[in-house]
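First the structure, then my questions, so here it is.
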Amino acid sequence: MAGLRRQIKLGAILTGVGGPGHFNTWLDPEIPGSASIDINWYIEQARLAEAAKFDLVFIVDSQFITPDSPPHYLNRLEPLTLLSAVAVATRHIGLVGTLTTSYNDPFNVARRFGSLDLISGGRAGWNVVTSGDAGTAGNFSQDEHFDYDTRYARALEFVEVAKGLWDSYEDDAFPRDRDRRVFLDPSKLHQLNHRGEFFSVVGPLNLSRSPQGQPVIFQAGDSEQGRDLGATIGDGIFTHAASIEQALAFSREIKGRAAAKGRNPDHVLIMPGISVYVGDTDDQAREIERELQLADGGFDQALAEFGRPFGWHDFRQYDLDEPFPQHTLKHAERAFYTNAKRIAELASSRGLTLRQTIEAVSSPKRTPFAGSPLTVADELQRWFQAGAVDGYSFHLGHPSQTRRLLDDVLPILRERGVLRREYEGSTLRENLGLPFVENRYTAARRQAPQPHSAEDRQPVPAH
Ligand SMILES: Cc1cc2nc3c(=O)[nH]c(=O)nc-3n(C[C@H](O)[C@H](O)[C@H](O)COP(=O)(O)O)c2cc1C
């Protein structure tokens with residue numbers, strides 16, 4: 001039975017032929033060269049993850065590329081289109097897609113995620129991002145990307161509007177009574193009438209709700225504004241985790257912020273993206289890690305990719321052996337500023353040249369999750385039990401490593417009772433241990449004194 005014991009949540013990040021830092025994944029003979037645009041590949045991966053009782057598959061996304069973008073980014077399917085196809089080929093696994101609030105409209109997005117939620121029987125999730133690639137603006141008729149305050153304020157209002165639209169119909173709005181010839185109960189249909197700083201949306205949305213009420217909201221963004229957004233609207237947080245100490249501090253901060261906003265911190269699940277390297281022994285695993293990471297890149301590759309947080313600024317124009325050009329930080333102001341600032345601070349605190357900075361950033365990092373199956377299982381459990389994470393979003397890259405994770409590591413955790421053996425429910429919310437989202441109008445009606453007749457009904461406030 002769900003909830004008796006806290007269990008590790010599992011996500012599978014599917015990045016086909018290789019995302020950031022994994023430029024040579026496509027060379028693996030087990031990965032089809034067309035994986036990122038092959039729906040059968042996604043379905044196969046999702047079914048593998050579902051057989052291992054993963055909570056969800058996670059599709060990251062962006063809408064701006066250069067020839068230096070990672071292979072998966074160069075040529076990939078649009079997340080909701082691909083997840084709709086995966087939905088009909090799976091039964092239990094959650095389907096989380098990334099969509100930016102900076103280059104969409106809430107009505108479209110609410111309708112698309114609402115549709116995925118219905119198609120999948122209540123398994124949809126939305127990873128809310130604001131777009132770190134500043135160049136995206138050029139693909140949407142804008143000269144410049146939004147600044148941080150604007151893009152995060154817009155994101156908050158965007159999600160609030162989408163949530164409002166998802167509640168357009170109360171769950172019993174459609175009697176579909178042929179005898180009485182009543183298809184709709186209009187008192188259960190609500191206009192949103194939202195007028196805010198960024199959006200004016202009358203509503204209602206022409207779509208009813210799914211068995212989980214509303215799609216699950218994930219959030220990814222690490223700045224002050226990003227963390228605040230996550231604590232406000234996130235059911236799940238997608239982040240990085242370099243060490244247990246850092247993960248613990250992050251988790252405490254986000255959950256503390258959520259609690260301060262009156263939310264239940266247990267309903268904000270921290271699920272960092274991680275890679276695991278598994279060998280027969282710890283030494284062999286480190287060897288595998290080294291080999292797979294060495295296969296990735298080379299300095300020229302690292303130099304080209306280095307510009308991404310800085311709005312894809314081209315660092316090839318600078319002398320590599322001069323001090324890191326601090327003025328380049330201005331190119332990051334509307335891009336991945338949190339990450340770029342960290343890099344610039346590292347360079348100045350250590351007095352690094354540009355070459356040394358690139359080497360420091362791109363040098364293979366020893367992941368905390370490399371070792372024998374037992375070592376990796378122990379570490380995954382240790383972080384979880386320390387409260388540093390609620391689960392993990394695994395980068396499922398090389399198939400040989402995915403097999404080791406699924407066949408050798410996860411069974412240990414299952415045996416220890418910290419991983420599920422069977423899905424608890426049929427919706428993503430049920431499986432993640434998140435409550436059903438009650439329709440706001442139904443809730444208001446339930447809390448209000450009972451009216452004597454339909455005419456006496458109190459108007460319910462629009463949120
Ligand atoms: C772990 C993580 C994953 C992210 N994934 C995406 C993504 O898939 N697509 C996207 O456009 N932005 C993604 N972002 C970018 C954020 O939405 C944001 O625009 C960017 O990180 C800069 O904001 P920040 O300084 O608040 O992190 C991600 C950010 C983080 C930290």
Side-chain angles (χ1 to χ4, degrees), residues 11-16 18-22 36 56-65 69-70 72-73 76-80 82-83 96-104 109 125-140 144-156 158-159 217-234 236-242 246-247 250-251 253-254 257 269-275 308-312 329 331-345 389 391-395:
I13 306 173
L14 307 181
T15 46
H22 301 280
S36 299
L56 55 99
V57 292
F58 204 103
I59 307 294
V60 297
D61 195 49
S62 63
Q63 300 175 97
F64 174 77
I65 55 168
S69 296
H72 175 69
Y73 285 25
R76 58 170 151 180
L77 295 177
E78 188 281 319
L80 266 78
L82 90 82
L83 286 173
V96 182
T98 298
L99 233 95
T100 180
T101 54
S102 294
Y103 300 102
N104 280 298
V109 170
W126 170 20
N127 179 36
V128 175
V129 299
T130 62
S131 288
D133 284 317
T136 315
N139 293 332
F140 291 88
E144 215 178 10
H145 192 16
F146 301 112
D147 62 44
Y148 260 63
D149 285 342
T150 307
R151 78 196 209 211
Y152 275 111
R154 184 185 156 98
L156 177 61
F158 194 118
V159 175
I217 305 281
F218 274 79
Q219 184 273 344
D222 207 14
S223 57
E224 170 63 27
Q225 297 97 321
R227 289 176 183 216
D228 200 63
L229 177 70
T232 309
I233 53 109
I237 307 289
F238 183 45
T239 180
H240 306 290
Q246 183 249 317
F250 180 82
S251 172
E253 193 202 320
I254 295 288
R257 283 189 195 224
L269 305 173
I270 314 285
M271 293 179 65
I274 64 162
S275 295
R308 186 175 186 220
F310 298 82
W312 282 108
L329 196 53
H331 298 289
E333 275 166 13
R334 293 179 183 225
F336 290 89
Y337 188 68
T338 312
N339 191 8
K341 190 155 64 81
R342 225 173 265 148
I343 294 170
E345 281 167 7
V389 302
Y392 299 95
S393 306
F394 292 99
H395 288 281

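Atoms within each ligand, like the ligands themselves, are counted from 1 in listed order. For the single chain, residues carry numbers from 1 onward in sequence order.
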Original post:
So do the side chains of Phe218 and Ile237 get within less than 4.5 Å of each other, counting heavy atoms only?
Top reply: no
Subject >> Minimum side-chain heavy-atom gap Leu156-Ile233 below 4.5 Å >> reply: yes
**OP:** Answer yes or no for Gly273: is there a heavy-atom contact with ligand 1 below 4.0 Å?
**Re:** no
Original post:
Given that the side chain starts at C-beta and the backbone is N, CA, C, O, which of these parts of Thr239 lies under 4.0 Å from ligand 1, counting heavy atoms, or is it both or neither?
Top reply: backbone
**OP:** Return the option from Arg342, His240, Gln63 holding the heavy atom at the smallest distance from atom 31 (C) of ligand 1.
**Re:**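 Checking each option, the heavy atom nearest atom 31 (C) of ligand 1 is found in His240.
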**OP:** Name the closest protein heavy atom to atom 25 (O) of ligand 1, giving the residue it belongs to and the distance to 0.1 Å.
**Re:** Thr338 OG1, 2.2 Å
Original post:
With distance as the sole criterion, is a donor-acceptor pair present between the side chains of Ser275 and His395 under 3.5 Å?
Top reply: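 Looking only at side-chain atoms, His395 and Ser275 do not form any donor-acceptor pair under 3.5 Å.
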Original post:
Mind checking whether Pro272 and Phe250 have side chains closer than 4.5 Å, heavy atoms only?
Top reply: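 Pro272 vs Phe250: side chains apart.
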Original post:
So, Tyr148 side chain and Tyr337 main chain: donor-acceptor pair closer than 3.5 Å or not?
Top reply: yes
**OP:** Using a 4.5 Å cut-off on heavy atoms from C-beta on, say whether the side chain of Ser102 contacts that of His145.
**Re:**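 Yes, their side chains come closer than 4.5 Å.
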**OP:** Evaluate the ring planes of Phe58 and Phe238, with Trp represented by its six-membered ring, and classify them as parallel (under 30°), tilted (30 to 60°) or perpendicular (over 60°).
**Re:**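 The arrangement is tilted - the two ring planes meet at 30° to 60°.
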Original post:
With a 4.0 Å heavy-atom cut-off (strictly under), which part of Gln225 contacts ligand 1: side chain, backbone, both or neither?
Top reply: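 Neither part.
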Subject >> Option whose closest heavy atom lies nearest to atom 26 (O) of ligand 1, chosen from Ser223, Ala332, Ala340 >> reply: Ser223
Original post:
Of all residues at least two apart in sequence or in a different chain, which pass the side-chain contact (heavy atoms from CB on, under 4.5 Å) check with Asn339?
Top reply: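 Result, side-chain contact (heavy atoms from CB on, under 4.5 Å) vs Asn339: Pro309, Phe336, Ile343.
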Subject >> Test of proximity, Ser62 against ligand 1: N or O pairs below 3.5 Å >> reply: no
Original post:
With distance as the sole criterion, is a donor-acceptor pair present between the side chains of Gln225 and Asp149 under 3.5 Å?
Top reply: yes
Original post:
So, does Arg227 sit close enough to ligand 1 that a heavy atom of it is under 4.0 Å from the ligand?
Top reply: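 For ligand 1, residue contact (heavy atoms, under 4.0 Å) with Arg227 is absent.
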**OP:** Do me a favour and list the nearest non-hydrogen protein atom to atom 14 (N) of ligand 1 with residue, atom name and distance?
**Re:**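 Protein heavy atom at minimum distance: Val129 CG1, 4.0 Å.
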**OP:** Pick whichever of Thr15, Asp61, Val128, Asp222 has a heavy atom sitting closest to atom 7 (C) of ligand 1.
**Re:**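 Answer by nearest heavy atom: Asp61.
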Original post:
Got the closest protein heavy atom to atom 21 (O) of ligand 1, with its distance?
Top reply: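 It is Phe336 CD2, 3.6 Å.
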Original post:
Is there a side-chain contact between Trp312 and Ser69, using heavy atoms and a 4.5 Å cut-off?
Top reply: yes
Original post:
For ligand 1, which atoms have a heavy atom of Val60 less than 4.0 angstrom away?
Top reply: 8 (O)
**OP:** Please could you name the atoms of ligand 1 that Tyr152 approaches to less than 4.0 Å, counting only its heavy atoms?
**Re:**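 Those atoms are 18 (C), 23 (O), 24 (P), 26 (O).
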Subject >> Listed partners of Phe310 passing ring-ring contact (aromatic ring centres under 6.0 Å, His included), at least two apart >> reply: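 Testing Phe310 for ring-ring contact (aromatic ring centres under 6.0 Å, His included), a comparison that skips the adjacent residues, returns Phe306, Phe315.
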Original post:
Counting from 1, what ligand 1 atoms have a heavy atom of Thr98 closer than 4.0 Å?
Top reply: 7 (C), 8 (O), 9 (N)
Subject >> atom 19 (O) of ligand 1 [closest protein heavy-atom partner, distance rounded to 0.1 Å] >> reply: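 Looking only at protein heavy atoms, the one closest to atom 19 (O) of ligand 1 is Thr130 OG1, 3.0 Å.
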Original post:
Would you say Gly132 has any N or O atom under 3.5 Å from an N or O of ligand 1, going by distance alone?
Top reply: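 Among all N and O atoms of Gly132, at least one is under 3.5 Å from an N or O of ligand 1.
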**OP:** May I ask you to identify the nearest protein heavy atom to atom 16 (C) of ligand 1, giving residue, atom name and distance to one decimal place in Å?
**Re:**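 Nearest neighbour among protein heavy atoms for atom 16 (C) of ligand 1, to 0.1 Å: Ala220 O, 3.4 Å.
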